[in-house]
Number of protein chains: 2
Amino acid sequence: MRRKRIRNWENRLREEGYKITTPRKSILSVFEQLGGHPNAREVFNNLSSQSPDIGLTTIYRTIELCVRLGILKKYDFGDGHSRYEIANEKTDHHHHIICEKCSKIIEYRDFLDEETTLIKKIQNKLEKKYDFNIKQHVLDFYGLCKECSDNK
Amino acid sequence: MRRKRIRNWENRLREEGYKITTPRKSILSVFEQLGGHPNAREVFNNLSSQSPDIGLTTIYRTIELCVRLGILKKYDFGDGHSRYEIANEKTDHHHHIICEKCSKIIEYRDFLDEETTLIKKIQNKLEKKYDFNIKQHVLDFYGLCKECSDNK
DNA sequence: CCTTTAAATGAAAATGATTATCATTACCAT
DNA sequence: ATGGTAATGATAATCATTTTCATTTAAAGG
């Protein structure tokens, strides 16, 4: 079995003819250090101490580029701003549990065996029945976390 | 077994002390007639012929109210605007298949038996493990519909 | 039916996230 | 080092949604 070399984002950018710039390094480094699912503004805020001259525009552009190249994954949890996370073997693929009050997000990937199997099965059924070419799915659970359940 | 009377939205509003107004009637009637998952602007456009004097503001306000009272269900498919649909026994509960190119949305509720069972099982596991009170879930599939697969 | 009054409405402005414009700057191949 | 081109940042523009506030209206009582 051929072991695929794990490409970091610098190589990915180079591969596609994009330049490795200081802002891009800073932005990606924030994603690496922050973890979680930050949105554009959170990245901006975290950057303001170290690199105050990087504009919000550049952050949006870099994120857009990285999503397009598969370096970042984009999520929409319905709270009004898109969220992102570095895509790699470790983060791929997982589901979420989202607190509807405080927006805390838990990601889990310790699927039940049946979980994976069944989703594939459903997917196959749907592809035939509705003539769709299904590429991905989202299974997210919404509710209240412990803290928000208590403070009510 | 007591048969619960099916309340229509007028009764729901009255119950909660809200008034039954002409704009509200028109807006809800659009949802009833249109079907699907319209967004605020689509409702507005569909209203413009019959009731040109209903403002977009009122549509947003009515929608917000109806979502809060459980008359409408709110969805976010990540295409930049929230979408809604009348909540009732018939529409509840379903999953979606969404075309990433043309945003066509198919909803299905002919779940495999295992589909329902397994999701409950996963939910139970997650509630214990992460101390969450899970209220609902979203299982949506994303891909390309027949037409968009072809025209490529 | 007519009055009263708080709730509902509409127009317009405000907001907040994201995108486009455009002049300036900085990679990087030569 | 340097030139060409992509990248950047400031600013303005969009677009969906929310807020403000003066005006209108549903519905309760007489």
Side-chain angles (χ1 to χ4, degrees), chain A residues 9-30 37-69 71-84 103, chain B residues 9-30 37-69 71-84 103:
Chain A
W9 58 266
E10 288 205 13
N11 291 332
R12 272 298 280 134
L13 286 185
R14 258 191 268 273
E15 267 173 14
E16 304 281 343
Y18 294 100
K19 295 176 180 170
I20 311 303
T21 66
T22 311
R24 283 176 182 168
K25 281 184 209 165
S26 305
I27 293 168
L28 267 296
S29 128
V30 166
H37 308 74
N39 58 38
R41 182 153 296 277
E42 286 166 358
V43 173
F44 180 75
N45 292 341
N46 267 274
L47 230 37
S48 58
S49 47
Q50 301 301 316
S51 323
D53 20 330
I54 295 181
L56 194 49
T57 307
T58 299
I59 292 173
Y60 274 108
R61 268 190 297 233
T62 301
I63 286 176
E64 191 274 336
L65 174 64
C66 290
V67 169
R68 189 151 46 76
L69 297 190
I71 295 168
L72 292 175
K73 278 177 79 75
K74 178 176 183 174
Y75 297 102
D76 192 334
F77 300 128
D79 63 340
H81 34 246
S82 299
R83 298 180 165 278
Y84 310 87
S103 289
Chain B
W9 58 266
E10 288 206 12
N11 291 333
R12 271 299 278 136
L13 286 184
R14 259 192 268 274
E15 268 173 14
E16 305 282 341
Y18 294 100
K19 294 177 180 170
I20 312 302
T21 66
T22 311
R24 283 175 181 168
K25 281 185 209 164
S26 306
I27 292 168
L28 269 295
S29 128
V30 166
H37 308 73
N39 58 38
R41 182 153 298 276
E42 286 167 356
V43 173
F44 180 75
N45 293 340
N46 268 274
L47 229 38
S48 59
S49 49
Q50 302 300 316
S51 322
D53 19 328
I54 296 181
L56 194 49
T57 308
T58 300
I59 293 173
Y60 275 107
R61 270 189 296 230
T62 300
I63 286 175
E64 190 274 337
L65 174 64
C66 289
V67 168
R68 189 151 45 77
L69 297 190
I71 294 169
L72 292 175
K73 277 177 80 74
K74 179 176 184 175
Y75 296 103
D76 192 333
F77 299 128
D79 63 340
H81 33 247
S82 298
R83 299 181 163 278
Y84 311 87
S103 288

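The shown structure was predicted, so the numbers you read here are calculated from the model rather than taken from an experiment. Each chain gets a letter, A, B and so on, in the order its sequence line appears, and its residues count up from 1.
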Just the rounded figure in Å: distance from P of D:dT17 to CD1 of B:Ile59. 12 Å
5′-ward residue of the pair B:Lys74/B:Pro23 relative to DNA chain D: B:Lys74
Side chain of A:Thr62 only, please: which of D:dT8, C:dT18, C:dT9 is the nearest? D:dT8
Kindly indicate whether the side chain of A:Thr57 and the base of D:dT11 share any N or O donor-acceptor pair separated by less than 3.5 Å? yes
State, yes or no, whether a side-chain contact exists between B:Glu15 and B:Arg12 at a heavy-atom distance under 4.5 Å. yes
Would the number of heavy atoms belonging to other residues, nucleotides or ligands and lying under 6.0 Å from CD of A:Glu16 be above 12? yes
Measuring from the side chain of A:His81 (C-beta onward, heavy atoms only), which nucleotide among C:dT18, C:dG10, D:dA16 has the closest atom? C:dT18
Atom CZ of B:Arg14 and atom C1' of C:dA7: how far apart are they, to the nearest Å? 15 Å
Would you kindly give the CG-to-C1' distance between A:Leu56 and C:dA17, to the nearest whole Å? 9 Å
Rounded distance (Å) that lies between atom P of C:dA8 and atom CD1 of B:Ile27: 13 Å
Heavy atoms from C-beta onward define the side chain here; which of C:dT18, C:dC27, D:dA27 lies closest to that of B:Lys19? D:dA27
On DNA chain D, nearest-nucleotide positions of B:Glu64 versus A:Leu65: which is more 5'? A:Leu65
Can we say B:Glu42 and B:Arg83 salt-bridge, meaning some charged N sits less than 4.0 Å from an Asp/Glu carboxylate O? yes
The nucleotide from C:dG10, D:dA7, D:dT17 with an atom nearest the side chain of A:Tyr18 is D:dA7
Considering just the side-chain nitrogens and oxygens of B:Ser82, establish if one lies under 4.0 Å of OP1 or OP2 belonging to D:dT17. yes
Does a side-chain heavy-atom distance below 4.5 Å link A:Arg41 with A:Leu56? yes
Once you round it to whole Å, what is the distance between P of C:dC28 and CG of A:Leu13? 10 Å
Would you kindly give the CZ-to-P distance between A:Phe44 and C:dA17, to the nearest whole Å? 12 Å
OP1 or OP2 of C:dT19 versus the side-chain N and O atoms of A:Tyr60: is any pair under 4.0 Å? no
d(CD, B:Glu10; C1', C:dA8) in whole Å: 16 Å
Can you tell me how far P of C:dT19 sits from CZ of A:Arg41, to the nearest Å? 14 Å
B:Arg24 side chain near C:dA8 phosphate (N/O to OP1/OP2, under 4.0 Å): yes
Are the side chains of B:Pro23 and B:Thr62 in contact, using a 4.5 Å heavy-atom criterion? no
Note, B:Cys66 side chain near B:Leu28 side chain (heavy atom, < 4.5 Å): yes
Of the options C:dT18, D:dA16, C:dG10, whose atoms approach the side-chain atoms of B:Arg61 most closely? C:dG10
Just N and O in the side chain of B:Thr21: are any of them under 4.0 Å from OP1 or OP2 of D:dT25? no
Base, sugar-phosphate, or nothing for A:Gly80, non-hydrogen atoms under 4.0 angstrom? sugar-phosphate
What contact category does A:Asp53 fall into here, base, sugar-phosphate, or nothing, at under 4.0 angstrom with non-hydrogen atoms? sugar-phosphate
